[in-house]
Amino acid sequence: MILQPGLEYRTIHCLGDEDDLDLHVVRVDLDRWDLDAAFVDRATGRMIARDNKASFAMNANFFDRARNPIGVVVRTGSLVNAPNKSTWQSIFLVDDDGTPRVIMPSKWSKYKNHTQMAVQAGPRLVIAGHTNKSLKNNYTAARGGVCINRDGDVMFFATPQDRKFHITEIARVARRDEIDGGLACRDAMLFDGGHSVNFFASGEQKRINVEGDPVPVLVYATPHHEIATTQTK
């Protein structure tokens, strides 16, 4: 479904049951849309979309008990939160040339001076087209994240709050070909999950809102050259 030119929505039903929705998916055409990070006290995806006249928004970074973000946040080319030197987390960024990437924090120094936006969160699910073999299950939860597919397209995905996956399950969906009910990711990573999952997208004929708890860092999309000034802490 075309929400707006360059902003497409679809769903994934892993079990083939049209009444059993497993994932919301939004593809963002970076030739038409700009991605940026909102760094706020706390907000939902719907609130960030409203405040920034954005058509898409979702949560990103982990945060501590005081709601302070954990990990790198780059907003409109400026570093607003320092990276976390984690060995298992990962960073989603769009560089100054408009190329999306998923990298490890250890590679951040290579991109830090040439990045338009960046957020840091969970583990990589797919690495160069292969499921991350180091993933370990501990609990099921609502999940959300970002995928760069084999054509270089950026897709954001999230489960409904009542649909819960093990990490390895969501990784298999991310890697699986689209014809088999997957995302066909070349690279993919998780954002914060559970009650933090926020996923808002809107168009003339459709509005999707998975609204979790308010969070301090979100990713949002606006048409080219219309990135708004986001409220800061």
For salt bridge (charged side-chain N to carboxylate O under 4.0 Å, His left out), just list the numbers for R150 and D177, CA-CA rounded to whole Å, side-chain angles, deciding distance to a tenth of an Å, and then say yes or no. CA-CA 10 Å; R150 293 161 195 167; D177 287 339; 2.5 Å; yes

request  = Report the C-alpha separation of E178 and R10 in whole Å, then their side-chain angles, then the decisive distance to 0.1 Å, and conclude whether the side chain to side chain contact (heavy atoms under 4.5 Å, CB included) test is met.
outcome  = CA-CA 11 Å; E178 290 189 16; R10 68 184 175 95; 3.6 Å; yes

Given side chain to side chain contact (heavy atoms under 4.5 Å, CB included), test I91 with Y111 step by step and report yes or no.
CA-CA 11 Å; I91 296 170; Y111 298 98; over 6 Å; no

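Formation of a donor-acceptor pair under 3.5 Å by the N52 side chain with backbone atoms of I48 is found in this model. Looking at N137, its side chain does come within 3.5 Å of a backbone N or O of I167 through a donor-acceptor pair. Side-chain N or O atoms of T159 include one that pairs as donor or acceptor with a backbone N or O of R143 at under 3.5 Å. With D213 contributing its side chain and S196 its backbone, the two residues share no donor-acceptor pair below 3.5 Å. Listed for the H24 side chain is no donor-acceptor partner under 3.5 Å among the backbone atoms of P160. A donor-acceptor pair is defined here as one N or O able to donate and one able to accept, closer than 3.5 Å; no such pair exists between the side chain of W88 and the backbone of L135. In this structure, D29 contributes its side chain and D31 its backbone to a donor-acceptor pair below 3.5 Å. Judged by distance alone, the side chain of H13 and the main-chain N or O of G181 form no donor-acceptor pair under 3.5 Å. At least one donor-acceptor pair under 3.5 Å links the side chain of D187 to the backbone N or O of A128. No side-chain donor-acceptor contact under 3.5 Å links Q120 to the backbone of P105.
Y9 and V28 fall within the same hydrophobic cluster, where Ile, Leu, Val, Met, Phe, Trp and Tyr residues are linked whenever their side-chain heavy atoms come under 4.5 Å apart, directly or through other members. V119 and V72 are assigned to two separate hydrophobic clusters, defined by single-linkage of ILVMFWY side chains at heavy-atom distances under 4.5 Å. The same ILVMFWY cluster, assembled from side-chain heavy atoms under 4.5 Å apart, contains both M117 and I148. Clustering ILVMFWY residues whenever any of their side-chain heavy atoms sit less than 4.5 angstrom apart, transitively, puts V126 in a cluster other than the one holding M104. Each of V217 and V74 belongs to its own hydrophobic cluster when Ile, Leu, Val, Met, Phe, Trp and Tyr are linked at side-chain heavy-atom distances under 4.5 angstrom.
Considering all non-hydrogen atoms of both residues, A57 and A49 come closest at CB-N, 4.3 Å. Listed here is the closest heavy atom pair of F157 and I170: CE1-CG1, 4.1 Å. Nearest heavy-atom pair, N61 versus F63, reported as atom, atom and distance to 0.1 Å: O-CD2, 3.9 Å. Among all heavy-atom pairs drawn from V219 and F156, the shortest one is CG1-CZ, 4.0 Å. Nearest heavy-atom pair, N81 versus G71, reported as atom, atom and distance to 0.1 Å: ND2-O, 2.7 Å. Pairing each heavy atom of A121 with each of M189, the nearest pair is N-CE, 3.8 Å.
Atoms CG and CE, on L23 and M155 in that order, are 10.5 Å from each other to the nearest 0.5 Å. Annotation: the span from K206 atom NZ to L3 atom CG amounts to 9.0 Å, rounded to 0.5 Å. Within the model, atoms CD of Q116 and OG1 of T76 stand 6.0 Å from one another, a figure rounded to the nearest 0.5 Å. The CZ atom of R124 sits 12.5 Å away from the NE2 atom of H130 when rounded to the nearest 0.5 Å. Expressed to the nearest 0.5 Å, how far OH of Y220 lies from OG of S55 amounts to 12.5 Å. In this structure, the separation between CG on N113 and CG on D95 is 12.5 Å, given to the nearest 0.5 Å.
Within a 6.0 Å radius of NZ in K112, no more than 12 heavy atoms belonging to other residues, nucleotides or ligands are found. Taking a 6.0 Å sphere around CZ of R32, one finds it holds 12 or fewer heavy atoms contributed by other residues, nucleotides or ligands.
At least one side-chain heavy atom of W33 sits under 4.5 Å from a side-chain heavy atom of Q4. Looking at T222 and D34, their side chains come closer than 4.5 Å, going by heavy atoms from C-beta outward. W108 is listed as a side-chain neighbour of L93, based on a closest heavy-atom distance under 4.5 Å. Here the side chains of V94 and T115 are not in contact, with every heavy-atom distance at 4.5 Å or above. Taking 4.5 Å as the limit, every side-chain heavy atom of P216 sits out of range of all side-chain heavy atoms of F39. Proximity of R186 to N149: side-chain heavy atoms (C-beta onward) are nowhere separated by under 4.5 Å. You'll find the side chain of V154 reaches within 4.5 Å of the side chain of F92, heavy atoms only. Contact of the V25 side chain with the L183 side chain is registered, since non-hydrogen atoms from C-beta on lie closer than 4.5 Å.
Between F199 and F56, the ring-plane angle classifies as perpendicular under the 30° and 60° cut-offs.
Evaluated for a side chain to side chain contact (heavy atoms under 4.5 Å, CB included) with V197, the options V210, D192, V215 yield exactly one hit, V210.
At a cut-off of 3.5 Å, with distance as the only test, no side-chain donor of T44 or N198 sits close to an acceptor on the other residue.
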